[in-house]
Amino acid sequence: MVNANSSSVKSDFKNASQDLLYWYDKMARRLPWRLSPDNRKKGELPDPYHVWLSEIMLQQTTVPHATPYFLKFLDLWPTVQDLAAAENEDVMREWAGLGYYARARNLHKCAKVLAGLDKFPNTIEELLKLPGVGPYTSAAVGSIAFDLPVAPVDGNIERVISRLMTISGDGSAAGWAEDKKEITARVQELVPARSGDFAQAMMDLGATVCTPKTPNCMICPWVESCLAKKEGNPEDYPAKPKRKPQPIRKGLAFLAICDGQVLLQRRPDSGLLGGMLMPLSSDWAEGREYVVLEEAPIGADWKHVGQARHVFTHFALHWDVYVANLEQKPDLEGEWIKLEYAMEAGIPTVGKKALKLV
DNA sequence: AAGTCGGGGCG
DNA sequence: CGCCCAGACTT
């Protein structure tokens, strides 16, 4: 529901942008892909490759989780041309553990596009054409790398602006969808000349002060202008629709061991864990009993060694793990990886959970 | 508009 | 345990 107050944004939040920038000049987080406000005020801008790479990694991913991956990727591939020239399997291996593997595939595809251009795209229209770059990332790269007069809207900024302007959903999916559009439209009116710092300042505010559960309003640069604070219940904003509970899927993992090596197979490019190396497995399904001898890829003396559990976005997996020590390698597709290297072979977390049971 | 797609951290 | 995180893409 949008606040019924019909007075203009500009009169209500006239000083909000400058208040936030003043706070950011002192409190900005130092992050590996970020240029300090001091340097930006001298006219410097960050490397668009760094900004783009970080933004892809940070989609639905926390800063602490993404940071070591960002440093590793820059070390392996210092320029976008280097990344474009990499083998896709190497990119996927280095991305392993970061999740949402379609991002890695689109990242590599996008690097090849970028390497063929004269300069990094510097308009929203051009950025939106790039694979893996949507409304958020185009605005983030546009503002942070080029100071285009746009504001990205991510989960942090949705929350911060929702509270500042008391724009909140009614708990329904449709209501929240409408309010996200409203937030996106109204935050654009706040964008100051330093649009890149403004974007990063809102993210910092959401990450360190205006947090989801218990916002620390006492140290907030917007405490005077925030309508939700005036209402007294900023923690109630925004009211998002509840996610429905995840069903449990059950399946069996088959760790075929031979000569100190384990058999891994690369999954198809599309779908869950697309393009990633994983142990052999049965299908995963809800409410079904499994018979080892029927589901196993080969007949062998399979021994149950435990259960790996993993929560995906829309289901949880209970994966019973079976191991067989084979005399000779069977005629199966895949790659035999030495067990002592398996944890560094680029296997998604769920696969590593199963392998740890060996 | 709803579903698909990881993983980790925090209360 | 549920919720959240610098979302994009498909149907």
Side-chain angles (χ1 to χ4, degrees), chain A residues 29 31-34 50-70 92 95-107 109-110 127-145 151-160 172-178 180-181 184 196 198-208 210-215 235 238-249 267-276 278 308-317 347-353:
Chain A
R29 288 180 293 176
L31 301 171
W33 47 86
R34 177 182 286 184
H50 297 188
V51 177
W52 162 72
L53 177 61
S54 68
E55 290 300 340
I56 301 298
M57 288 184 168
L58 287 162
Q59 289 168 7
Q60 296 290 284
T61 306
T62 57
V63 166
H65 192 41
T67 296
Y69 286 84
F70 174 82
M92 303 308 288
W95 193 276
L98 201 49
Y100 288 142
Y101 297 98
R103 289 186 298 171
R105 188 159 302 284
N106 282 330
L107 179 87
K109 189 187 303 179
C110 187
L127 289 165
L128 271 175
K129 292 178 185 170
L130 299 172
V133 175
Y136 164 77
T137 304
S138 61
V141 173
S143 58
I144 296 170
V153 179
D154 69 344
N156 279 312
I157 295 172
E158 283 172 1
R159 180 176 63 257
V160 168
S172 70
W176 177 233
E178 282 303 305
K180 281 197 285 188
K181 291 180 187 172
T184 301
F198 180 66
Q200 295 176 102
M202 285 193 290
M203 296 171 192
D204 281 18
L205 189 68
T208 66
C210 194
T211 50
K213 302 285 187 185
T214 54
E235 66 277 7
K240 293 187 180 181
K242 294 189 194 305
R243 200 188 306 181
K244 61 180 182 182
Q246 301 147 323
I248 295 173
R249 297 186 190 177
R267 296 171 64 89
D269 285 346
S270 63
L272 190 73
L273 306 173
M276 303 304 291
M278 284 284 285
R309 294 193 175 193
H310 192 74
V311 178
F312 291 91
T313 305
H314 55 290
F315 67 92
L317 176 66
I347 301 171
T349 300
V350 59
K352 291 171 77 171
K353 285 181 180 177

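Every chain is numbered from 1, with letters handed out A, B, ... down the list of sequences.
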Would you please confirm or rule out a distance under 4.0 Å between OP1 or OP2 of [N] and any side-chain N or O of [X]?
X: Y100(A); N: dC9(C); value: no
X: R105(A); N: dC9(C); value: no
X: T137(A); N: dA8(C); value: yes

Review point. Going by heavy atoms closer than 4.0 Å, what residues in residues 50-66 of chain A are next to DNA chain B?
Key: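 Heavy-atom cutoff 4.0 Å gives Q60(A), T61(A), H65(A).
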Within the 4.0 Å heavy-atom criterion, would you say [X] contacts the bases, only the backbone, or no part of the nucleic acid?
X: G206(A); answer: nothing
X: T313(A); answer: base
X: P135(A); answer: sugar-phosphate
X: G97(A); answer: sugar-phosphate

Review point. With side chains defined as the heavy atoms from C-beta onward, is the minimum distance between V350(A) and F312(A) less than 4.5 Å?
Key: yes
Exercise for review: Identify which nucleotide among dC9(C), dC3(C), dG7(B) has an atom closest to any side-chain atom of K242(A), counting heavy atoms from C-beta outward.
Suggested key: dC3(C)
Study note, to complete from the structure: Out of dA8(C), dC4(C), dG6(B), minimum distance to the side chain of H310(A) belongs to dG6(B)
Check your understanding: Between the side chain of D269(A) and the main-chain N/O of G274(A), is any donor-acceptor distance below 3.5 Å?
Key -> no
Practice item. Take A140(A) and K213(A), find for each the nucleotide of DNA chain C with the closest heavy atom, and name the residue whose nucleotide sits nearer the 5' end. Key: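 Its nearest nucleotide being more 5', the pick is K213(A).
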Protein-nucleotides 1-3 of chain B N/O pairs under 3.5 Å:
unit_1	atom_1	unit_2	atom_2	d
dG3(B)	OP1	K244(A)	NZ	3.3

Exercise for review: Nearest whole angstrom, please: distance from the C1' of dG6(B) to the CE of M92(A).
Suggested key: 12 Å
